[in-house]
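Worksheet: the structure to be examined is printed underneath.
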Amino acid sequence: MHPSSLFRDEGFFKEIYKMKLLIKEVFDMRKQLEDIRNISEKELQEVETIGQLENLRVRFLGKKGELTAVLRGMGALSAEERPLIGQLGNEVRVFIEDRIRETDVVLEANDRNKKLENEKIDITIPGKRSNIGKRHPISLIIEDIQDIFIGMGYEIAEGPEIEYDYYNFEALNIPKDHPARDVQDTFYINENIVLRTQTSPVQIRTMKNKKPPIKIICPGRVYRSDAVDATHSPVFHQIEGLVVDKGVTMGDLIGTLEVFAKSMFGENTAIRLRPHHFPFTEPSAEVDVSCWVCGGKGCRVCKNEGWIEILGAGMVHPKVLEECGIDSEIYSGFAFGPGGERTAMGRFGIDDMRLLYENDIRFLEQF
Ligand code: 2NL
């Protein structure tokens, strides 16, 4: 538009009008941008959490945010005005971004301080003493016995508590009409499955699966259909031992039991074997140790006997070896079976088996 033509026609007024609109437009945008800056500044001061801060950022600076919306309207501006508004828009963006960054630093620091405050531990407050449990006397005994035999090169073997009649009885040379098989004595799951009455079935399984030499102890729960009294429980523990190799003799058994007895009850302990019968050993013996209280003179603990029975033992019956696929002409073995309860009662002077199962803290604390 040439200045000389300014007053000549209505075109001039149209131009003036357009300029007025443009000026208003520019003015409005300036105002909007300044509003955005002022409002965001004010609201930023009220922000309390990182989440609120992020919402604010999206609201003002996001793709669909207020600042973006204003700047989008720049298309209507003249080429002269556009960079000015663009620059102002940029300044507002940088201003908000800076404020957000500052606020973020402050909020993060506040958060951290609050966390530290909450997690503060007063190490001068007296501690609460918690009751630390102790090992059960039967566990102590089983672990002691295991340690003694591990020291002699034995391995620990375990097996199922619910066992086939075959492994629990048949393979151990306990015939069908043997009293041990009576329902009075054994818990039956069905005709062929019982709760094991001894841990010997673990030894049968081992002999069937492994070639000699075999040197194992088998700790575990066993079950018999007994009523509870001072010396009986339907669930108790056994730690059976088994050695099978070439040339194993009764002398080896006695030597082993002597080492066991001395380790368990003291160096001065003597052992004594009395002839006995088990279907699965031949010969068989019941084994006593000299009383660890009186040394053999007779006292309350040994009931004046001087001796206390601790286990049954014997040379593995050839029939049992053969049943497990071991040639009894080449191999021989011995086995023994201390009871966990009886050993614990003897060792700790407990006179009633029921104490071992009642879980009275005052009792258990003593071991
Ligand atoms: C007892 C008797 C004993 C055995 C357990 C045994 C195992 C096999 C073969 C031969 Cl596979 N014997 N075990 C032998 C003798 C006695 O325990 O009165 N225990 C409390």
Side-chain angles (χ1 to χ4, degrees), residues 138 141-142 145 149 154-160 163-175 178-180 185 196-210 212-224 226 231-245 248-250 252-254 256-257 260-261 264 271 273-289 308-326 328 331-347 353:
I138 294 178
I141 287 295
I142 291 177
I145 295 177
F149 284 101
Y154 287 64
E155 287 176 80
I156 296 172
E158 288 178 309
E163 187 53 280
Y164 288 107
D165 174 288
Y166 171 77
Y167 290 103
N168 194 78
F169 292 130
E170 197 80 42
L172 281 154
N173 193 32
I174 302 173
H178 195 280
D185 298 309
R196 67 181 182 192
T197 59
Q198 48 209 357
T199 54
S200 320
V202 181
Q203 301 176 313
I204 296 293
R205 287 171 178 276
T206 307
M207 283 193 281
K208 281 177 176 283
N209 290 320
K210 250 190 77 175
I214 293 171
K215 256 175 112 173
I216 53 169
I217 46 166
C218 307
R221 270 190 286 268
V222 299
Y223 301 83
R224 300 215 183 145
D226 281 328
T231 54
H232 292 86
S233 161
V235 190
F236 59 104
H237 298 77
Q238 258 195 344
I239 311 98
E240 275 193 45
L242 173 75
V243 173
V244 181
D245 202 352
V248 174
T249 69
M250 194 87 183
D252 297 317
L253 170 61
I254 294 172
T256 302
L257 293 178
F260 168 63
M264 194 78 184
I271 64 166
L273 274 70
R274 287 175 287 105
H276 196 70
H277 169 78
F278 298 114
F280 33 81
T281 44
E282 179 57 35
S284 308
E286 282 189 324
V287 180
D288 303 336
V289 294
I308 298 170
E309 186 193 326
I310 55 158
L311 51 81
M315 300 306 291
V316 180
H317 200 294
K319 274 194 185 171
V320 175
L321 290 175
E322 296 291 339
E323 183 64 33
C324 296
I326 294 173
S328 64
Y331 292 101
S332 57
F334 63 76
F336 52 90
E341 277 72 0
R342 191 190 291 185
T343 313
M345 288 170 74
R347 170 83 167 267
M353 195 182 279

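In each ligand, atom 1 is the first atom listed, and ligand 1 is the first ligand listed.
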Closest to atom 10 (C) of ligand 1 by heavy-atom distance, out of Phe236, Phe336, Phe280, is Phe280
To the nearest 0.5 Å, atom CD1 of Ile145 lies from atom CG of Leu311 at 8.5 Å
List the steps and the verdict of salt bridge (Lys or Arg N to Asp or Glu O under 4.0 Å) for Arg205 and Glu158. CA-CA 10 Å; Arg205 287 171 178 276; Glu158 288 178 309; over 6 Å; no
Nearest non-hydrogen protein atom to atom 2 (C) of ligand 1, with distance, is Phe278 CZ, 3.7 Å
dist Met207:CE -> Ile214:CD1 (nearest 0.5 Å) comes out at 6.5 Å
**Prompt:** Can a salt bridge be assigned to the pair Lys319 and Glu282 using a cut-off of 4.0 Å between side-chain N and carboxylate O?
**Reply:** no
- Query: Ion pair present between Glu155 and Lys210, side-chain N to carboxylate O less than 4.0 angstrom?
  - Reply: yes
Under 4.0 Å from one or more heavy atoms of Gln238, ligand 1 contributes atoms 19 (N), 20 (C)
Of all heavy-atom pairs linking Arg221 and Arg196, the shortest is O-NE, 2.8 Å
Counting from 1 in the order shown, the ligand 1 atoms closer than 4.0 Å to a non-hydrogen atom of Ile204 are 11 (Cl)
- [ ] Determine, using ring centers only, whether Phe278 and Phe280 are less than 6.0 Å apart.
- [x] yes
For Leu172, the ligand 1 atoms with a heavy-atom partner under 4.0 Å come out as 8 (C), 9 (C), 11 (Cl)
In this structure, atom 6 (C) of ligand 1 is nearest to the protein heavy atom Ala335 CB, 3.4 Å
Quick look: Leu242 vs ligand 1, heavy-atom contacts under 4.0 Å, and the answer is neither
The protein heavy atom nearest to atom 1 (C) of ligand 1 is Gly337 O, 3.5 Å
For atom 7 (C) of ligand 1, the closest protein heavy atom turns out to be Gln203 OE1, 2.9 Å
Is the count of non-hydrogen atoms from other residues, nucleotides or ligands lying under 6.0 Å from Tyr166 atom OH greater than 12? yes
Check: of Gly312, Gly241, Ser200, Cys218, min heavy-atom distance to atom 16 (C) of ligand 1 comes from Gly312
Ligand 1 N/O within reach of Glu240 N/O, cut-off under 3.5 Å
yes
Distance col, row Ser332:OG vs Leu253:CG, nearest 0.5 angstrom, shows 11.0 Å
Under 4.0 Å between heavy atoms, the region of Ala313 that gets near ligand 1 turns out to be backbone
Under 4.0 Å from one or more heavy atoms of Met207, ligand 1 contributes atoms 11 (Cl)
